Amino acid sequence: MDKYQILKQYFGYDSFRQGQEQLIDGILSGRDVLGIMPTGSGKSLCFQVPALLMDGITLVISPLISLMKDQVSALNQAGVHAAYLNSSLTASQYYRALSYAREGRYPIIYVAPERLLTEEFLDFALHVKIAMIAVDEAHCVSQWGQDFRPSYLKIVEFIDRLPVRPVVSAFTATATREVRDDIIDILMLRTPDVVTTGYDRPNLYLEVRSPKDKYGTLKEYVEQHSGQCGIVYCLTRKLVEEVCQKLIKDGYSVTRYHAGLSDEERRRNQDDFIYDRAAIMVATNAFGMGIDKSNVRYVVHYNMPKNLESYFQEIGRAGRDGEPSDCLLLYGGQDVVTNQLFIENNQENEALDPLSRRLIMERDRERLRKMTFYCFTNDCLRDYILRYFGEYGSNYCGKCANCLSRFEEVDVTEIAREIMECVESCRQRYGTNVILDTVHGANTVKIRNYRMNENPHYGSLSEIPVYKLRQVMNHLLLKEYLAVTNDAYAIVKLTEKSKEVLSEEMPVVMKMAKESPRTGKKGAGETGTGNGKDAKGQKGKKISGTENFSGKEESMFEKLRTLRMEIARAEKVPPYIVFSDKTLAHMCILKPKTKEEMLAVSGVGEFKYEKYGQRFLECVRAAAENPENGGGSS
Ligand code: ADP
Ligand code: MG
Ligand code: ZN
């Protein structure tokens with residue numbers, strides 16, 4: 001067999017995705033490789049396909065038990081014998097698995113890094129032929145990343161103990177330079193073939209809103225997405241509890257996850273979400289590492305996270321199957337304050353010396369500021385993220401709320417000048433709030449204490465709504481017409497550019513939304529919104545990929561989902577491991593009648609066909625004949 005046959009037969013796919021083939025070819029030619037590809041781009045296949053072609057065992061190192069379990073069940077479902085060795089096995093299960101492994105029953109074995117140097121495991125590893133070590137989530141070796149795991153440092157020591165050095169392949173979605181260099185150095189990759197496919201996740205629709213009523217907005221949103229799976233991230237445990245309670249009260253299928261819950265409850269809730277027993281997961285950022293669930297259709301941030309690294313990682317859990325999925329951030333001014341408090345009180349930094357601590361705080365404040373700007377930019381949101389990570393976007397993606405909104409260019413020179421003059425007149429001593437309150441003419445204790453009510457600019461812009469003043473202020477900061485100091489006080493300072501504005505040499509023009517800003521949804525994940533369909537109130541719309549479905553196909557999709565759920569229950573695996581949403585949607589479009597036609601569906605391989613093909617063919621046939629009695633399941 002060759003790599004294409006493996007791809008078709010076991011995984012049911014016709015072609016490789018970007019980067020996969022190069023990495024697979026590298027491995028097969030005996031080279032070390034490093035694959036840097038975004039979440040959901042298909043990194044697993046890059047080591048699984050060659051593992052099935054190489055002579056010997058592939059050991060996959062993975063940081064989390066849940067990740068291993070998931071991938072091993074997916075492989076077994078596809079007809080590949082794989083096993084995992086970690087602390088979730090009892091001693092007798094562990095020894096049984098090892099003895100099967102010795103007999104050569106598994107071409108692929110997942111192992112926790114902690115196990116590598118144990119006596120039993122070494123005894124096994126030294127007596128079999130190991131063709132490749134694949135290090136998944138390889139950024140865990142780096143202290144620069146957010147998920148450093150000391151046990152990952154054992155990998156090299158383990159490789160050193162082997163009589164013959166196998167091919168070493170490493171994979172991650174984290175692409176900063178420091179992390180990349182760390183992976184190569186620490187894992188001692190030998191002139192690796194480094195393949196980077198870029199950060200973009202074109203199937204994610206990006207949107208930011210600044211609603212007055214966050215819960216109301218969230219409720220409306222989950223209502224519009226009923227029947228779909230989604231994650232709602234909150235900044236604090238308290239908010240997780242609150243939002244979760246409200247959603248339960250409003251009748252939604254919800255569960256929750258945060259570090260304050262018992263291990264037992266966290267595991268249970270996570271499983272409820274993964275097995276589609278609960279549609280919505282409300283969680284802090286403690287949730288998500290190792291979640292491979294492919295059909296998460298939306299990620300809502302109830303609060304703005306602390307930086308774009310976190311945001312990108314968290315929205316990365318949406319749409320792993322490549323189908324259109326939505327990422328909505330609900331911004332509120334309080335989020336900035338909460339994040340600032342986290343930065344000031346970061347316990348993790350307590351052990352550091354004062355200088356390093358100060359530098360880290362400065363870095364964190366800067367990251368928070370860039371995150372805040374993301375919430376205020378009126379330019380392409382995708383472009384903003386890509387630039388942040390050092391890539392060049394196209395200025396216009398056509399798949400974010402900003403690209404799809406109608407903006408107009410507004411001349412705000414007068415407002416800008418007034419704000420700058422106010423900054424100047426109080427000798428650049430105050431933060432944004434004091435400045436804005438002054439020009440707006442707010443009558444607060446703070447303003448009176450600072451005697452800003454006596455400032456010549458006090459109340460000079462009283463007729464302009466505060467939200468608009470804030471937009472202008474943010475624009476001025478974003479475009480460096482003004483700057484703020486990088487300390488806890490964030491004092492507004494003039495810049496070179498302010499001088500040009502003040503001396504009337506330079507006008508300030510910015511984009512402002514034409515209609516009511518950031519309400520309603522603009523064509524989820526699709527540029528063409530002229531199909532007369534409004535996302536609002538469209539209950540029962542199941543996955544975005546099914547948008548063009550007829551009623552008949554929709555009911556077929558429902559029936560296939562029900563069948564998938566039955567099978568998943570019987571096999572005790574998550575539904576998406578039986579078939580992904582994408583595969584079911586493809587079935588509805590192709591409506592296969594024969595084995596050959598079924599095998600042409602993306603995601604249906606020989607082995608899965610043997611197991612379930614007949615039942616799905618039958619289901620498609622019945623649904624095609626009897627479209628009316630469908631829908632309304634699970
Ligand atoms: P990553 O580890 O990069 O986040 P995964 O390996 O979990 O991503 O793959 C994400 C999804 O993409 C899985 O559902 C996988 O089956 C699917 N996939 C991978 N490669 C292909 C391909 N060549 N064609 C179609 N789907 C693919
Ligand atoms: Mg992965
Ligand atoms: Zn865009």
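What you see below is based on every heavy atom in this structure, not just the backbone, and it leaves out hydrogens, waters and symmetry mates. All values reported here derive from a predicted model rather than from experimental measurement. FYI, the numbering just counts along the sequence from 1. Both counts, for ligands and for their atoms, begin at 1 and track the order of listing.
Taking the six-membered ring where the residue is Trp, Phe389 and Tyr199 present parallel rings, their angle staying beneath 30° rather than reaching 60°. Ring orientation note: the planes of Tyr233 and Phe287 are tilted relative to one another, at an angle of 30° to 60°. Using the six-membered ring where Trp is involved, Phe616 and Phe579 have ring planes that are perpendicular, over 60° apart on the 30 and 60° scheme.
At a 4.0 Å heavy-atom cut-off, the residues surrounding ligand 1 are Tyr13, Ser15, Phe16, Arg17, Gln20, Pro38, Thr39, Gly40, Ser41, Gly42, Lys43, Ser44, Leu45, Arg320, listed by chain and number.
Contacts of Asp70 classified as salt bridge (charged side-chain N to carboxylate O under 4.0 Å, His left out), with partners at least two apart in sequence or in another chain: none. Arg115 pairs by the salt bridge (charged side-chain N to carboxylate O under 4.0 Å, His left out) definition with nothing, not counting sequence neighbours.
Relative to the ring axis of Tyr13, Lys8 does not place its NZ or CZ within 45° and under 6.0 Å from the centre. Cation-pi geometry between Lys511 and Phe407 is met: under 6.0 angstrom from the ring centre, within 45 degrees of the axis.
Residues Asp200 and Arg382 have side chains in contact (heavy-atom distance under 4.5 Å, counting atoms from C-beta outward).
No side-chain N or O of Thr197 forms a donor-acceptor pair with one of Gln18 less than 3.5 Å apart.
The number of protein N, O or S atoms lying under 2.8 Å from the Zn ion (ligand 3) is 4.
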